[in-house]
Amino acid sequence: MIKAVRGTRDLLPPETALWNFVEAAVRDVFRAYNFHEVRTPIFESTELFSRSVGEETDIVSKEMYTWEDRSRAESERGQSLTLRPENTAGVVRAYIEHKLWDRGLNKLYYIGPQFRRERPQKGRYRQFYQIGAEVIGPPSAGSESPARDAEVLELLATLLDRLGIKNWNLELNSVGCPNDRAVYNEALRKALEPVVGQMDADCQRRAVTNPLRVFDCKVPADQPIIDKLPRISEYLDEPCRQHFQQVQEILNAVGVRFSLSDRLVRGLDYYTRTAFEFTHGALGAQNAILGGGRYDGLSESLGGPPAPGIGFAIGEDRLVLALKESAEAVQRKPDVYIAPLGAGMDREAARLAREMRRHDVVVELGDESFRLKKSLETASKIGARFALIVGENEVKSASFALKNLETGEQVSVPRAELAQKIQSSH
RNA sequence: GUGGGAGUAGCUCAACUGGCAGAGCACCGGACUGUGGCUCCGGACGUUGCGGGUUCGAUUCCCGUCUCCCACCCCA
């Protein structure tokens with residue numbers, strides 16, 4: 001048997017109803033904040049990701065699905081392509097390619113699959129879905145303002161509340177502006193030098209490749225060492241510190257709760273200043289339900305104009321997982337099951353079904369070869385609210401037996417009133 | 001990529017130290033010819049993840065492999 005490949009899966013009913021519910025709510029919230037949808041390609045030139053996400057990150061160095069495209073001519077070299085491991089790079093690429101700065105501030109969102117070749121776990125798949133958004137534009141359009149950071153965070157709080165996600169926690173940090181980041185990195189490296197030898201091998205490796213990530217180290221024995229390391233918050237220059245301060249003030253003003261977490265660092269190279277994560281308890285080790293931050297230099301590093309931005313990505317798989325705990329089923333049940341009864345009644349049933357569906361009634365259609373008992377059985381099994389019996393008597397009198405399957409009450413309804421009768425009983 | 005656990009009917013799970021693969025739920029049919037849910041009776045259902053080995057005999061023991069789960073790594 002051919003099976004879905006490792007780390008991929010089929011989303012089936014009724015779960016797909018939950019996904020649709022989530023996406024509908026998300027689109028609704030984005031609309032209120034004046035965000036608009038973009039759809040970028042599912043694969044891009046490999047270079048886009050190595051330049052934006054960072055050559056040294058795990059994502060780029062070992063988790064990408066990369067292949068060489070077929071060349072059409074001798075002279076043409078196959079281009080290296082990659083399934084997108086995240087979507088910010090693609091959106092920024094599109095921003096530059098289509099000169100979207102001409103519109104001032106852009107508030108864009110996307111919903112779609114991403115791909116990373118990691119070992120699968122609950123809430124972590126090789127094809128996974130992200131709902132994300134980016135606020136990006138020239139500084140003159142206000143894209144750098146702390147008001148944008150706060151607005152994005154407040155949007156997220158609204159969204160999670162709206163979805164009925166309980167017990168989320170917002171962790172907030174500033175990873176600094178480019179210039180103080182460099183100074184800080186140096187200080188951190190210096191502080192690590194004398195102690196790094198005592199640390200866990202894995203943490204040592206981080207100390208060398210990406211010192212900032214030492215803070216993510218979870219080995220208990222190393223915690224006292226990590227606690228003594230200098231913090232980025234002590235190295236923020238004045239504008240950067242103020243920026244972070246104002247983000248917090250606005251959040252307080254609008255009543256969004258958060259906790260400062262000066263050990264929160266983000267894995268992708270392009271992040272600057274505000275970094276954040278929303279976590280949820282019910283997800284095991286994959287407790288981050290979404291993450292994001294500011295990426296002020298990303299546009300330039302991809303050859304574009306200055307275009308500070310802030311964005312986030314929600315793990316849709318994880319969101320749905322968290323929702324299963326606290327949301328009831330949202331799948332719409334059929335309004336009526338039509339039970340044709342006897343030879344020739346399929347035709348009549350089809351006509352009635354067509355009429356009612358035009359009136360937005362959800363109809364499931366039976367089969368004239370079924371005995372009435374079986375039809376009613378099926379009707380209640382699939383959760384239909386009504387059963388409509390279409391037999392000779394009904395056709396003759398142009399009035400149909402409509403049975404309420406919850407109460408058992410049955411009435412005869414003239415053809416013209418059927419749809420209305422069913423709709424009005426919600 | 002590393003370490004550990006688990007794969008048996010559509011689902012949840014049994015099957016003692018190796019001895020005829022089972023139950024509940026779900027599904028299908030009947031009791032009941034145009035009236036569901038309850039009840040009763042019957043039915044179908046399996047390459048025991050896959051491949052090899054040991055054995056008279058393997059769901060059971062051994063090796064390999066695949067997938068899922070847990071943790072790490074990393075991240076959404």
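Remember, predicted model here, so these are calculated numbers, not experimental data.
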Applying a 4.0 Å non-hydrogen cut-off, can you work out what [X] is touching in the nucleic acid: base, sugar-phosphate, or nothing?
X	value
A/Gly383	nothing
A/Leu290	sugar-phosphate
A/Ala288	sugar-phosphate
A/Arg9	nothing
A/Gln121	base
A/Ile389	base
A/Gly123	base
A/Gly408	base
A/Tyr125	base

Taking the [atom1] atom in each of [N] and [M], what is the distance between them to the nearest angstrom?
N	M	atom1	value
B/G4	B/G64	P	12 Å
B/G22	B/U48	P	13 Å
B/G37	B/G57	C1'	49 Å
B/C41	B/U54	C1'	47 Å
B/A9	B/A26	C1'	11 Å
B/U8	B/C13	C1'	9 Å
B/C66	B/U59	P	23 Å

Nucleotide nearest [X] when distance is taken to its side chain, options [options]:
X	options	answer
A/Glu377	B/G36, B/G29, B/G1	B/G36
A/Lys62	B/C73, B/U35, B/C75	B/C73
A/Arg119	B/C73, B/C75, B/G3	B/G3
A/Lys381	B/A76, B/C27, B/C69	B/C27
A/Lys122	B/A76, B/C69, B/G34	B/C69
A/Arg117	B/G36, B/G34, B/G1	B/G1
A/Arg371	B/C70, B/U35, B/G30	B/G30

N/O donor-acceptor pair, side chain [X] with base [N], under 3.5 angstrom:
X	N	answer
A/Lys403	B/U35	yes
A/Arg318	B/C75	yes
A/Gln410	B/G36	no
A/Lys373	B/G34	no

Distance-minimising heavy-atom pair for A/Tyr295 and A/Ile310: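 Distance-wise, the nearest heavy atoms are CE2-C, 3.7 Å.
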Contact summary for A/Arg148 and A/Ser143, nearest pair of heavy atoms: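 It is CG-O, 4.0 Å.
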By nearest heavy atom, map A/Glu409 and A/Pro120 onto RNA chain B; which one lands nearer the 5' end?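 On the 5' side of the pair lies A/Glu409.
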On RNA chain B, check which nucleotide each of A/Leu341 and A/Gly292 is closest to and give me the residue with the more 5' one. A/Leu341
Separation of atom [atom1] in [X] from atom [atom2] in [N], rounded to whole Å:
X	N	atom1	atom2	answer
A/Leu170	B/A76	CG	P	15 Å
A/Tyr65	B/G1	OH	P	10 Å
A/Arg126	B/A76	CZ	C1'	16 Å
A/Leu388	B/U35	CG	C1'	13 Å
A/Tyr337	B/G34	OH	P	14 Å
A/Tyr110	B/A76	OH	C1'	9 Å
A/Leu405	B/G36	CG	P	11 Å
A/Lys374	B/C27	NZ	C1'	11 Å

is_close_aromatic(A/Phe35, A/Tyr109), centroid dist under 6.0 Å: no
Only one of A/Gln420, A/Arg385, A/Glu406 passes side-chain hydrogen bond (donor to acceptor under 3.5 Å, both in side chains) with A/Ser425; say which it is.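 Exactly one pass, corresponding to A/Arg385.
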Can A/Asn87 and A/Thr40 be counted as having a side-chain donor-acceptor contact under 3.5 angstrom? yes
Tell me yes or no: between the side chains of A/Glu134 and A/Thr88, is some donor less than 3.5 Å from an acceptor?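 Distance-only check passes for A/Glu134 and A/Thr88.
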Distance to the ring centre below 6.0 angstrom and angle to the axis at most 45 degrees; does that hold for A/Arg273 and A/Phe244? no
Kindly assign one of parallel, tilted or perpendicular to the pair A/Trp19 and A/Tyr129, based on the angle between their ring planes and the thresholds 30° and 60°.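 Perpendicular.
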Between A/Arg124 and B/A76, is there a side-chain N or O to OP1/OP2 distance below 4.0 Å? no
